[in-house]
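Treat the numbers as computed from the prediction; the structure is a model and nothing was measured. Chain letters run A, B, ... following the sequence lines, proteins first and then strands; every chain starts at 1.
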2 protein chains.
Amino acid sequence: MVDLETRELRYFVAVAEELHFGRAAERLGIAQPPLSRAIRLLERRLGVQLLDRDRRGVALTEAGRVLLREAATALDAVAAAARRTRRAADPQRPLVLVTKAGASHELLRRLLDAQAAEPGAVPVEVLLCEIGEQARLLRDGQADVALMHRPYDDLAGFDTEDLHVEGQVAILPAGHPLASRDRLTLADVSDVPDLPIARWPRLDGSYPEGPGPEVRTQSTLAQLVALGRTLLVIPASSRAWQWPEHVAVPVVDAPRVTTVLAWPSGSHSLAVASLVRSAAALRDTAPPADV
Amino acid sequence: MVDLETRELRYFVAVAEELHFGRAAERLGIAQPPLSRAIRLLERRLGVQLLDRDRRGVALTEAGRVLLREAATALDAVAAAARRTRRAADPQRPLVLVTKAGASHELLRRLLDAQAAEPGAVPVEVLLCEIGEQARLLRDGQADVALMHRPYDDLAGFDTEDLHVEGQVAILPAGHPLASRDRLTLADVSDVPDLPIARWPRLDGSYPEGPGPEVRTQSTLAQLVALGRTLLVIPASSRAWQWPEHVAVPVVDAPRVTTVLAWPSGSHSLAVASLVRSAAALRDTAPPADV
DNA sequence: CTCCTGTGATACCCGCCGGGTATGGGCCAG
DNA sequence: CTGGCCCATACCCGGCGGGTATCACAGGAG
């Protein structure tokens, strides 16, 4: 049995991501030789080669790729332990709810209002993040609960409560021929030559091949749409995209999107339970108009 | 931002579980004073009181309870990182499949046969565990894949493939009046005065109140049934209970149990994928007789 | 061919921190 | 009051994590 220390995992992650001992050491705030030694020791303790030191630079072995992935989640778990413990000790800790900026705006407003009206309401702090970040923020304890969207977000490891189902719309630059239609299909929007779909970075930061522009944030994407450089298909209730230059047209055969409230499974927080109750009541009493 | 080391977490878990510095230190193989100091340092770094040192002994604070739970999952994640990394480096690593001893025996046999018949079959090692342990073994990397049972096992954090649905039977000592019936209901078996339901330990090791005998393993339970001291309700295909002194009677209104193949979500292992394919094919070509 | 540059590895030193022993001090039980 | 239990404090030591200086080696420029 080998007991890894989080320091070793942090060091390895830095080297594995930088693929360069010098830069990794700088990022960690230590010198390069101790880092080399630490990684070598880690390899010997595990009995596994993690890196191929080539003449020029460093490459991950298969085992190294596994450890990079596993170490990231393990470090998240450790960070979550610290954060949640501190939060638990804060008597007036607000509940942190994270959601994608601009998504499900109306629903969120109604949820916050409903929760605030509860007797003994726990204050709710709203944290906005970029697409796909909610899962990490929940996992590492920076947030207690999230609004997420099936089937797009990865809900593995979370308990969820469905809140709302809706269709999707294509966001187009006003003035584009497609913008005058009153309904579209996925076929209509999939291969528009002058509006290629934007490309998001993969987990490793690289971009898939394709003609569309590379984007990393919603705001850049919104501006690209306004400039007539790309189109996108999103849930009807998303509001981050309502620029004057934008037109929304329903896409009738796009998959329907379910907005869910998600929280780490096994969470014993009374505050989370209270919010979930509010959400369920909200959905049952006043279902928002579907699109 | 506080970076906890796994050593600190292990120390805290030991103290939190033992609620006694001396015993915790002994369990950790260190002396008591350094342990006291380490815990005190941990509290100061977190800025949170984790333990109430009472006149006599130690009690967990609310924050301490949170950290105990979080630390356990974080340590599991770290251990999983080490184990999975080593496994990844082993060229002829077998795939480890864990299941409750005695459960879904036929299904498992057919699954192993089907997988062995695959071209390029990965060897599968079977690991048997007690009830409720599969999730931990999957989480901490001791197993790659598990047979689990909805709705009884906690499937949070795992991807699953449904394999089989079946009813449940009551296991009774032969000769008991109920044993001669050809069907039972939950009402029939819920309050039999001379056959009280056995009590399993909770996570903290304590037992719920009740008249039934306390059990910790399946084998003790099987013997208690044979002795006519308790009854139990289990999926029809479970085979650990087929002693000569046992009689199985269908319980018509018990919830139906789904046997699922489960693996850590996000697992990129080709071997797991291959086994899942085998399992799906198995189910589609030759569904086992339902009960 | 030579020299320079950039890379990770090695050698060696030092200070800190984790761990040990000895002991103190508060709080029951009797 | 007193002894015992249990955690905290005081103090020492050795190992390890981190630093600097340097080496070894591979390319590339000239």
Side-chain angles (χ1 to χ4, degrees), chain A residues 1-61 63-65 67-68 71 75 78 82, chain B residues 1-61 63-65 67-68 71 75 78 82:
Chain A
M1 180 63 205
V2 186
D3 273 321
L4 302 182
E5 288 301 324
T6 62
R7 182 181 49 81
E8 303 178 276
L9 294 180
R10 283 196 300 275
Y11 285 10
F12 174 75
V13 167
V15 174
E17 287 182 355
E18 297 285 346
L19 292 177
H20 188 290
F21 278 78
R23 281 194 298 274
E26 186 181 5
R27 173 172 141 187
L28 292 166
I30 67 173
Q32 171 258 317
L35 180 58
S36 286
R37 190 180 55 182
I39 298 295
R40 172 165 305 277
L41 244 53
L42 176 63
E43 287 180 313
R44 300 196 66 168
R45 291 211 301 147
L46 284 172
V48 166
Q49 187 165 3
L50 300 170
L51 299 170
D52 280 324
R53 281 84 159 171
D54 206 47
R55 23 182 147 261
R56 215 164 193 73
V58 174
L60 284 172
T61 64
R65 275 186 289 276
L67 184 57
L68 176 56
L75 290 175
V78 172
Chain B
M1 180 65 203
V2 185
D3 271 321
L4 301 183
E5 288 301 324
T6 64
R7 183 179 50 79
E8 304 179 275
L9 294 180
R10 281 195 302 275
Y11 285 9
F12 175 73
V13 168
V15 174
E17 287 182 354
E18 299 283 347
L19 292 178
H20 187 293
F21 278 80
R23 282 195 298 275
E26 186 182 5
R27 172 172 143 189
L28 292 166
I30 67 173
Q32 170 257 318
L35 180 57
S36 286
R37 190 180 56 184
I39 299 296
R40 171 164 306 278
L41 242 54
L42 176 62
E43 287 180 313
R44 300 198 65 165
R45 292 210 301 145
L46 283 172
V48 167
Q49 188 167 2
L50 300 170
L51 299 170
D52 280 323
R53 280 85 158 170
D54 205 48
R55 23 186 146 256
R56 212 162 194 78
V58 175
L60 284 171
T61 64
R65 274 187 287 277
L67 183 57
L68 176 56
L75 289 175
V78 172

Using whole Å, what does the distance between atom P of nucleotide D/dG17 and atom CG of A/L42 come to? 12 Å

Whole angstrom value for the distance that separates C1' of C/dT7 from CZ of A/R53: 12 Å

What is the distance, rounded to the nearest whole Å, between atom NE2 of A/H20 and atom P of C/dA9? 12 Å

Give me, pair by pair, the N or O atoms of the protein and of nucleotides 19-23 of chain C that are less than 3.5 Å apart, along with how far apart they are.
| unit_1 | atom_1 | unit_2 | atom_2 | d |
| --- | --- | --- | --- | --- |
| C/dG19 | OP1 | B/Y11 | OH | 3.0 |
| C/dG19 | OP2 | B/Y11 | OH | 3.1 |
| C/dG19 | N7 | B/R37 | NH2 | 2.3 |
| C/dG19 | O6 | B/R37 | NH1 | 3.1 |
| C/dG20 | OP2 | B/A31 | N | 2.6 |

May I have the distance from B/L41 (atom CG) to C/dC17 (atom C1'), rounded to whole angstrom? 10 Å

Rounded distance [0.5 Å steps], CG in B/L46 versus CG in B/L4: 5.5 Å

How long is the line joining CD1 of A/I39 and P of C/dT7, in whole Å? 17 Å

Given D/dA8, is OP1 or OP2 found less than 4.0 Å from the side-chain N or O atoms of B/S36? yes

Less than 4.5 Å apart, side chain to side chain, heavy atoms only: is that true for B/R40 and B/R53? yes

Rounding to 0.5 Å, atoms CG (B/L28) and CZ (B/R7) come to a distance of 10.5 Å

Could you check if a side-chain atom of B/E17 sits within less than 4.5 angstrom of a side-chain atom of B/L68, using non-hydrogen atoms only? yes

Length of the line joining B/E26:CD and D/dC7:P, which is rounded to integer Å: 13 Å

Can you check whether A/Q49's main-chain N or O pairs, donor with acceptor, with A/E43's side chain at less than 3.5 Å? no

At under 4.0 Å, does any side-chain N or O of A/R40 touch on OP1 or OP2 of C/dT10? yes

State whether the number of non-hydrogen atoms from other residues, nucleotides or ligands found under 6.0 Å of A/E26 atom CD is greater than 12. no

A/E8 atom CD is separated from D/dG18 atom C1', nearest whole Å, by 15 Å

Tell me: CG of B/D52 to P of D/dC7, nearest whole Å? 13 Å

